[in-house]
Amino acid sequence: MSDLDYGYRILDDAGQYVEHASAYIEKALRGALTERGKASLLVSGGSSPKPVYEMLSHVDLPWENVTISLVDERWVKEGEAGSNADFIKATLLQNRASSAMFFPLTNEKTTAKLGAKELTKTFDETFPDPIDVCVMGMGKDGHTASWFPHASTLAQAFEIDGADSLVWQDATGQAGNSGFCDRITVSLPLVMRARHVPLLIPGHQKKTVWDVSGEKDVFEAPVTTLRAAGPRLTVFTHLGE
Ligand SMILES: O=C(O)[C@H](O)[C@@H](O)[C@H](O)[C@H](O)COP(=O)(O)O
């Protein structure tokens with residue numbers, strides 16, 4: 001018996017990881033669609049969830065009733081290098097899932113700081129709280145969403161009372177920023193209220209980062225905050241490379 005209060009699915013290999021993570025998200029969306037007739041799904045970028053999105057895109061669901069957005073976005077225009085929106089369009093919003101509604105996390109403002117308020121307003125109008133499924137990823141530096149270790153802007157994402165749904169983040173100097181510093185991200189309270197929080201961290205290296213993060217401070221390893229979701233958090237990993 002595990003004494004963890006969250007789900008921890010340690011699969012044998014990458015193939016099983018993809019199947020189990022995809023099936024979990026499918027089941028959560030199906031449950032929301034059955035209960036409420038619609039579902040909301042926020043997704044992360046990165047190579048870890050990519051094959052899961054590709055599998056999910058073939059699933060037979062009433063995708064036209066599913067509204068999808070991002071957990072975080074680099075402040076670039078769609079069509080420019082680094083756009084998470086483009087990544088999701090090329091992976092998840094394909095095949096059967098191409099009929100889902102997609103809400104991008106950028107607007108015409110020149111910086112995320114300038115665009116955040118207006119974007120939050122339309123996001124809140126589009127997505128009833130709580131979100132049904134928030135798919136989280138993780139960098140080997142322990143960041144998740146655009147919550148980077150010791151970032152100067154991190155406290156505003158972690159403000160428990162009163163953080164907006166979306167907040168801008170400055171990832172300057174972060175090892176895991178992929179070259180994109182100006183960012184927008186969901187806030188911690190929004191994720192904590194979500195009905196399902198799958199964390200997709202395939203491979204033994206990411207598994208170790210996750211396991212070790214349990215001993216760390218939330219500003220040192222932001223991903224550890226997800227433990228506070230308790231049974232609504234399910235971690236998917238495998239023991240391969
Ligand atoms: O916006 C970003 O920079 C990415 O989305 C990033 O947060 C990513 O999710 C992690 O770095 C994990 O990436 P991998 O899954 O490729 O390891």
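Throughout, residue positions are numbered sequentially from 1 according to the sequence presented. Counting starts at 1 for both ligands and their atoms, in listed order.
Near Asp72, meaning under 4.0 Å from one of its heavy atoms, ligand 1 places the atoms 1 (O). Atom numbering of ligand 1 starts at 1 in the shown order; those under 4.0 Å from a heavy atom of His143 are 6 (C), 7 (O), 10 (C), 11 (O). Here is the list of ligand 1 atoms found below 4.0 Å of a heavy atom in Asn84: 1 (O), 5 (O). Near Arg74, meaning under 4.0 Å from one of its heavy atoms, ligand 1 places the atoms 1 (O), 2 (C), 3 (O), 4 (C). The distance from ligand 1 to the heavy atoms of Met138 drops below 4.0 Å at these ligand atoms: 12 (C).
Looking at Ser213, its side chain never comes within 3.5 Å of a backbone N or O of Val223 through a donor-acceptor pair. Formation of a donor-acceptor pair under 3.5 Å by the Arg74 side chain with backbone atoms of Asp182 is not found in this model. Not a single donor-acceptor pair under 3.5 Å links the side chain of Ser98 to the backbone N or O of Leu93.
In this structure, atom 17 (O) of ligand 1 lies nearest to the protein heavy atom Lys206 NZ, 2.6 Å.
Using a 4.0 angstrom heavy-atom cutoff, Gly45 counts as in contact with ligand 1.
Of all the heavy atoms of Ser47, the ones lying under 4.0 Å from any atom of ligand 1 are found in both the backbone and the side chain. Counting heavy atoms under 4.0 Å from ligand 1, residue Thr144 does not touch it at all. If you look at Lys140 next to ligand 1, there are no close heavy atoms at all, none under 4.0 Å. Under 4.0 angstrom from ligand 1, the non-hydrogen atoms of Ala145 all belong to its backbone. Neither the backbone nor the side chain of Glu73 has a heavy atom within less than 4.0 Å of ligand 1.
Checked by distance only, ligand 1 and Asn177 stay at 3.5 Å or farther apart across all their nitrogen or oxygen atoms. The shortest N or O to N or O distance between Gly139 and ligand 1 is not below 3.5 Å.
Atom CD of Glu108 sits in a crowded spot, with more than 12 heavy atoms from other residues, nucleotides or ligands closer than 6.0 Å.
No cation-pi contact links Arg183 to Trp147, judged by a cut-off of 6.0 Å to the six-membered ring centre and 45° from its axis.
For Arg36, the side-chain contact (heavy atoms from CB on, under 4.5 Å) partners at least two apart in sequence or on another chain are Ala32, Asp132, Arg195.
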Inset, instruction - Applying ring pair (Phe, Tyr, Trp, His ring centres under 6.0 Å), run through Tyr6 and Trp210 and close with a yes or a no. - result: CA-CA 13 Å; Tyr6 61 88; Trp210 169 253; 5.6 Å; yes

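A centroid separation of 6.0 Å or more is found between the aromatic rings of His150 and Phe219.
Nearest to atom 13 (O) of ligand 1 by heavy atom, out of Gly46, Ser44, Pro202, is Gly46.
Across every non-hydrogen atom of Pro222 and Leu154, the tightest pair is CG-CD2, 4.0 Å.
Sorted by first and then second residue, the side chain to side chain donor-acceptor pair (under 3.5 Å) pairs involving residues 79-94 (not counting sequence neighbours) are Glu78-Lys89.
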